[in-house]
Amino acid sequence: MSAPSLTPSKTARARHAQPPSDGPPPPGGSFARSLKRNLTAHGFLIGAVLCFAFFSWYPMVREFLLAFQKTDQGEVSWVGLDNLRTVFNDPAFWQAWRNTLLFTVLALVLGFAVPFAVALVINELRHGKGYLRLLVYLPVMLPPVAAVLLFKYLYDPGYGLLNELLGSVGLPEQQWLQDPDLSMLSVVIASTWMNMGGAALIYLAALQGIPGELYEAAELDGAGLFRKIWHVTIPQTRLILSLLLLMQIIATMQVFVEPFLLTGGAGPEGSTTTVVYLIYQYAFNFNNYGAAAALGLLLLVLLAGFSAAYVKLNRAENE
């Protein structure tokens with residue numbers, strides 16, 4: 001019979017080597033460790049959310065409440081739909097919507113087609129693309145007020161450059177900003193020149209991503225320039241075109257700076273009164289913040305509904 005071994009077994013050594021257990025980990029311990037490990041990232045995230053909530057969500061909630069309230073000598077009272085009735089009964093309400101829709105249509109005809117055409121021309125050039133990109137984007141880098149005042153000088157009926165050019169070729173001078181029939185078109189031209197640079201560069205980036213083999217195949221099939229644009233360029237850039245179309249409609253429906261600085265806001269016979277300018281008048285000229293909030297709420301609902309319908313139709317088309 002062998003004597004018992006005085007050397008502890010491996011199992012016993014391993015058991016004695018293990019530290020004593022303190023029980024199950026406390027609840028939330030993994031989250032605390034993760035939070036400590038990513039404290040900087042969470043700090044930036046929380047800061048961004050707070051800024052977004054303060055500058056975006058709070059104004060929207062505040063506007064929604066103001067649309068159903070009335071402030072009289074510091075006293076706030078609920079008035080229900082009275083602010084909406086005030087807005088609907090204003091004769092300038094429907095004129096502002098007509099002018100805004102007219103501006104949107106004209107801006108789409110010019111501001112949507114011109115940047116795409118400019119991008120097509122730059123994309124076909126072999127030299128000077130960098131210089132032309134800078135030249136096209138230069139108006140976007142100008143302060144909006146400076147750009148609008150430049151056009152106000154160009155449109156001046158006395159010494160404006162446009163009338164000087166018309167007079168040099170024997171054409172009659174025009175009252176660009178004083179004529180109700182020309183004032184809105186003049187505002188659209190200025191807005192198109194100011195904002196087309198960003199869209200043109202986005203289109204140019206999309207065009208440069210189209211494979212050259214598609215154009216070569218179209219040429220082998222006998223396609224000309226316009227057929228290549230219709231059957232190759234537009235289908236390949238359809239996503240960018242649809243996205244910028246939606247963004248441009250939303251932006252043009254909220255136009256304010258150009259008519260405000262060029263024509264004083266209302267324009268001759270109210271021809272450039274827009275919805276946002278009417279909101280400005282309610283709030284800062286008439287001190288009727290409830291009516292301003294109600295009109296802003298109507299614009300918000302309209303644009304949100306249009307965006308939702310547009311996204312749904314676009315998704316159904318892609319499926």
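Although no hydrogens or angles enter the test, the distance criterion places a donor-acceptor pair under 3.5 Å between the side chain of Thr237 and the main chain of Thr233. Proximity of a side-chain donor or acceptor of Ser242 to a complementary backbone N or O of Arg238 within less than 3.5 Å is detected. A donor-acceptor contact shorter than 3.5 Å links the side chain of Asn83 to the backbone of Ala67. The backbone N or O of Ile249 sits less than 3.5 Å from a side-chain atom of Thr252, completing a donor-acceptor pair. Using modelled atom types, one side-chain atom of Glu63 and one backbone atom of Leu297 make a donor-acceptor pair closer than 3.5 Å. Listed for the Tyr155 side chain is a donor-acceptor partner under 3.5 Å among the backbone atoms of Ser186. Although no hydrogens or angles enter the test, the distance criterion places a donor-acceptor pair under 3.5 Å between the side chain of Ser168 and the main chain of Leu165. Looking at Glu124, its side chain never comes within 3.5 Å of a backbone N or O of Leu120 through a donor-acceptor pair.
Here the CG-CG distance, from Leu142 to Leu150, works out to 8.0 Å after rounding to the nearest 0.5 Å. Expressed to the nearest 0.5 Å, how far CG of Leu84 lies from CG of Leu298 amounts to 5.5 Å. Summarising the geometry, atom CG belonging to Leu66 is positioned 4.0 Å from atom CZ belonging to Arg62; distances are rounded to the nearest 0.5 Å. Atom CD1 of Ile279 sits about 11.0 Å away from atom CD of Gln281, to the nearest 0.5 Å. Taken to the nearest 0.5 Å, the CE atom of Met247 stands 6.0 Å off from the CG atom of Leu243.
Val255 and Met184 end up in the same hydrophobic cluster when Ile, Leu, Val, Met, Phe, Trp and Tyr side chains are linked at under 4.5 Å.
Aromatic ring centroids of Trp193 and Phe151 lie under 6.0 Å apart. Taking the six-membered ring for Trp, Tyr282 and Tyr289 have ring centres at least 6.0 Å apart.
The salt bridge (charged side-chain N to carboxylate O under 4.0 Å, His left out) analysis of residues 217-231, with sequence neighbours excluded, yields the pairs Glu219-Lys228. Residue pairs meeting the side-chain hydrogen bond (donor to acceptor under 3.5 Å, both in side chains) criterion with at least one partner in residues 173-182, sequence neighbours excluded, are Asn163-Trp176. A salt bridge (charged side-chain N to carboxylate O under 4.0 Å, His left out) check over residues 192-217, counting only residues at least two apart or in different chains, returns nothing.
Looking at residues two or more places apart in sequence or on another chain, you find a ring-ring contact (aromatic ring centres under 6.0 Å, His included) between Phe260 and Phe256, Tyr280. For Tyr58, there are no ring-ring contact (aromatic ring centres under 6.0 Å, His included) partners, not counting sequence neighbours. With sequence neighbours excluded, the residues satisfying side chain to side chain contact (heavy atoms under 4.5 Å, CB included) with Asn89 are Arg85. Evaluation of the side chain to side chain contact (heavy atoms under 4.5 Å, CB included) rule for Trp230 yields Ile234 as partners, not counting sequence neighbours. Residues forming a ring-ring contact (aromatic ring centres under 6.0 Å, His included) with Tyr159 (at least two apart in sequence, or on another chain): Tyr153. For Tyr215, the ring-ring contact (aromatic ring centres under 6.0 Å, His included) test picks out no residue, with sequence neighbours left out.
Membership of the apolar cluster around Leu50 extends to Ile46, as traced through chained side-chain contacts below 4.5 Å between ILVMFWY residues. Here Leu138 is tied into one hydrophobic group with Leu134, Tyr137, Val140, Met141, Leu201, each link being a pair of ILVMFWY side chains closer than 4.5 Å.
Residues Thr86 and Asp82 bring no donor and acceptor atom of their side chains to less than 3.5 Å of each other. In the model, Ser183 has no side-chain atom that pairs as donor or acceptor with a side-chain atom of Thr272 under 3.5 Å.
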Return a table of donor-acceptor pairs under 3.5 angstrom between the side chains of residues 94-117 and protein atoms on other chains or two or more places apart.
unit_1	atom_1	unit_2	atom_2	d
Gln95	NE2	Glu269	O	3.1
Gln95	NE2	Gly270	O	3.1
Asn99	ND2	Gln95	O	3.2
Asn99	ND2	Gly270	O	2.8
Asn99	ND2	Thr273	O	3.0
Thr100	OG1	Ala96	O	2.7
Thr100	OG1	Val275	N	3.0
Thr104	OG1	Thr100	O	2.9

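More than 12 non-hydrogen atoms from other residues, nucleotides or ligands lie less than 6.0 angstrom from CE of Met60.
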Margin query: Apply side-chain contact (heavy atoms from CB on, under 4.5 Å) to residues Asn123 and Lys129 and explain how you reach the verdict.
Written below: CA-CA 8 Å; Asn123 189 54; Lys129 287 186 178 181; 4.2 Å; yes
Margin query: I'd like to know whether Phe52 forms a ring-ring contact (aromatic ring centres under 6.0 Å, His included) with Trp57, so could you lay out the CA-CA distance, the side-chain angles of the two residues, the decisive distance to 0.1 Å, and finally the verdict.
Written below: CA-CA 7 Å; Phe52 191 81; Trp57 295 338; 5.1 Å; yes
Item checked: Val311/Phe306 under side-chain contact (heavy atoms from CB on, under 4.5 Å): CA gap, chis, key distance, verdict -> CA-CA 9 Å; Val311 170; Phe306 171 77; over 6 Å; no
Checklist line | Evaluation steps, side-chain contact (heavy atoms from CB on, under 4.5 Å), between Gln254 and Leu303 | finding: CA-CA 10 Å; Gln254 303 177 66; Leu303 293 179; 3.8 Å; yes
